[in-house]
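Given the structure is predicted, the values throughout are model-derived calculations rather than measurements. All residue numbers refer to positions in the sequence shown, counting from 1.
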Amino acid sequence: MNRIYLVRHPALLTNGSPTPFMGRTDCLADAESALGLQPALMRLRVDRLVSSPLQRCARLAKDLAEQTNLPLQFDANWQERDWGAWDGCSVTDIDAHALQAYYDAPFDYSIDQAETVDVMQARINQAWLELVALQQDVLCITHGGPMRLVLQQVLGLSNSALFQLKIHYGTLIGFEVYPTEQGVFAQLCLIQPLLGDKVKG
């Protein structure tokens, strides 16, 4: 049995309005928020660190690697969704009719140049299987979207259930992963908001 942990990056360091479409835009994380995560993450007994290469994840991953001497691998498959023409935009910068059309049919509406949900689900499934194949205890620093999709895959949730999973900055989830004759069996064993109620996102 191996344990795989996923943690959402620290709170974002932003000057403008918060946006639900912060995907491939490479913004920084708040330094105090990152420091708040380190003690709990350093207490995890893992063999390896994996991280999204985006700075809001990568800087925390590098700090952890330096302090623990654990091997660190950056994997672009653990990046957030590419929101295309809307990436990094606040909702007030997006055409109101287009935004409403997306809210009415989020799994069918096509955002210009954006990664589709189907493509992202396939990407995250592949990334998850690669973590499992390591047969090690792993901590992966990633984003809210990939964490929702892993939960969807492991728990067999519908697409609509994705909107019922609120994952705040700094939330840690853990799985126990067992090899079986039928393939991999994974159990959710931990959900912990490491930054408490002070930082939400």
Side-chain angles (χ1 to χ4, degrees), residues 1-12 29-81 120-157 161-162 165-197 199 201:
M1 184 270 289
N2 293 114
R3 288 187 173 88
I4 297 177
Y5 299 97
L6 306 178
V7 65
R8 191 180 179 195
H9 56 76
L12 300 181
D30 176 75
E32 184 177 351
S33 179
L35 285 173
L37 288 176
Q38 289 187 20
L41 297 179
M42 290 176 62
R43 286 194 292 271
L44 296 175
R45 295 182 178 180
V46 296
D47 304 307
R48 168 180 298 274
L49 303 171
V50 174
S51 175
S52 159
L54 295 179
Q55 292 187 77
R56 54 194 186 266
C57 296
R59 290 198 173 189
L60 173 61
K62 288 178 181 176
D63 287 344
L64 290 172
E66 288 177 3
Q67 295 180 63
T68 61
N69 291 318
L70 290 170
L72 167 61
Q73 171 190 348
F74 291 108
D75 185 344
N77 279 331
W78 286 106
Q79 292 185 104
E80 186 55 277
R81 181 180 181 184
M120 184 177 178
Q121 286 172 323
R123 168 167 65 85
I124 297 304
N125 185 52
Q126 180 61 37
W128 169 253
L129 292 176
E130 289 175 4
L131 285 191
V132 171
L134 291 172
Q135 297 186 14
Q136 292 182 313
D137 296 338
V138 180
L139 169 63
C140 177
I141 299 96
T142 183
H143 307 263
M147 291 173 70
R148 286 187 185 87
L149 293 182
V150 170
L151 286 168
Q152 180 189 35
Q153 292 165 13
V154 171
L155 302 179
L157 303 176
L162 292 171
L165 298 173
K166 184 67 175 177
I167 299 176
H168 296 297
Y169 297 125
T171 295
L172 177 70
I173 60 176
F175 301 89
E176 293 180 351
V177 180
Y178 302 84
T180 72
E181 292 182 358
Q182 290 74 37
V184 175
F185 177 71
Q187 287 183 307
L188 177 66
C189 62
L190 173 70
I191 301 178
Q192 186 175 4
L194 299 180
L195 295 175
D197 295 330
V199 180

Restricting to non-hydrogen atoms, name the atom on [X] and the atom on [Y] that form the minimum distance, rounded to 0.1 Å.
X: E80; Y: R123; value: O-NH2, 3.5 Å
X: L72; Y: S51; value: CD1-CB, 4.2 Å
X: E176; Y: R3; value: OE2-NH2, 3.4 Å
X: L70; Y: V46; value: CD2-O, 3.4 Å
X: P146; Y: I124; value: CB-CD1, 3.6 Å
X: P53; Y: A76; value: CD-CA, 3.8 Å

Quiz item: Can any side-chain N or O of D47 pair as donor or acceptor with the backbone N or O of D137 at less than 3.5 Å?
Solution: yes
Please report the interatomic distance [atom1]([X]) to [atom2]([Y]), rounded to the nearest 0.5 Å.
X: L165; Y: I191; atom1: CG; atom2: CD1; result: 8.5 Å
X: Q121; Y: W128; atom1: CD; atom2: CH2; result: 15.5 Å
X: I141; Y: K62; atom1: CD1; atom2: NZ; result: 12.0 Å
X: L41; Y: D63; atom1: CG; atom2: CG; result: 11.5 Å
X: Q73; Y: L131; atom1: CD; atom2: CG; result: 8.0 Å
X: E130; Y: N125; atom1: CD; atom2: CG; result: 10.0 Å

Counting C-beta onward and ignoring hydrogens, is there a side-chain heavy-atom pair between [X] and [Y] closer than 4.5 Å?
X: L149; Y: L162; value: yes
X: L6; Y: F175; value: yes
X: R56; Y: H143; value: yes
X: I167; Y: R148; value: yes
X: L44; Y: L172; value: yes
X: I4; Y: V132; value: yes
X: L60; Y: H9; value: no
X: L139; Y: L64; value: yes

Exercise. May I have the step-by-step check of side chain to side chain contact (heavy atoms under 4.5 Å, CB included) for F74 and Q79, ending in yes or no?
Key: CA-CA 10 Å; F74 291 108; Q79 292 185 104; over 6 Å; no
Practice problem: If the plane angle is over 60° it's perpendicular, under 30° parallel, otherwise tilted; pick one for F185 and Y178. | Solution: tilted
Quiz item: Got a sec: does the CD of Q135 have more than 12 other heavy atoms crowding it under 6.0 Å?
Solution: no
Quiz item: More than 12 non-hydrogen atoms from neighbouring residues, nucleotides or ligands closer than 6.0 Å to CD on Q136, yes or no?
Solution: yes
Self-check item: Member of L194, L12, V7 meeting the side chain to side chain contact (heavy atoms under 4.5 Å, CB included) criterion with Y169
Solution: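 When L194, L12, V7 are each tested with Y169, the side chain to side chain contact (heavy atoms under 4.5 Å, CB included) holds only for L12.
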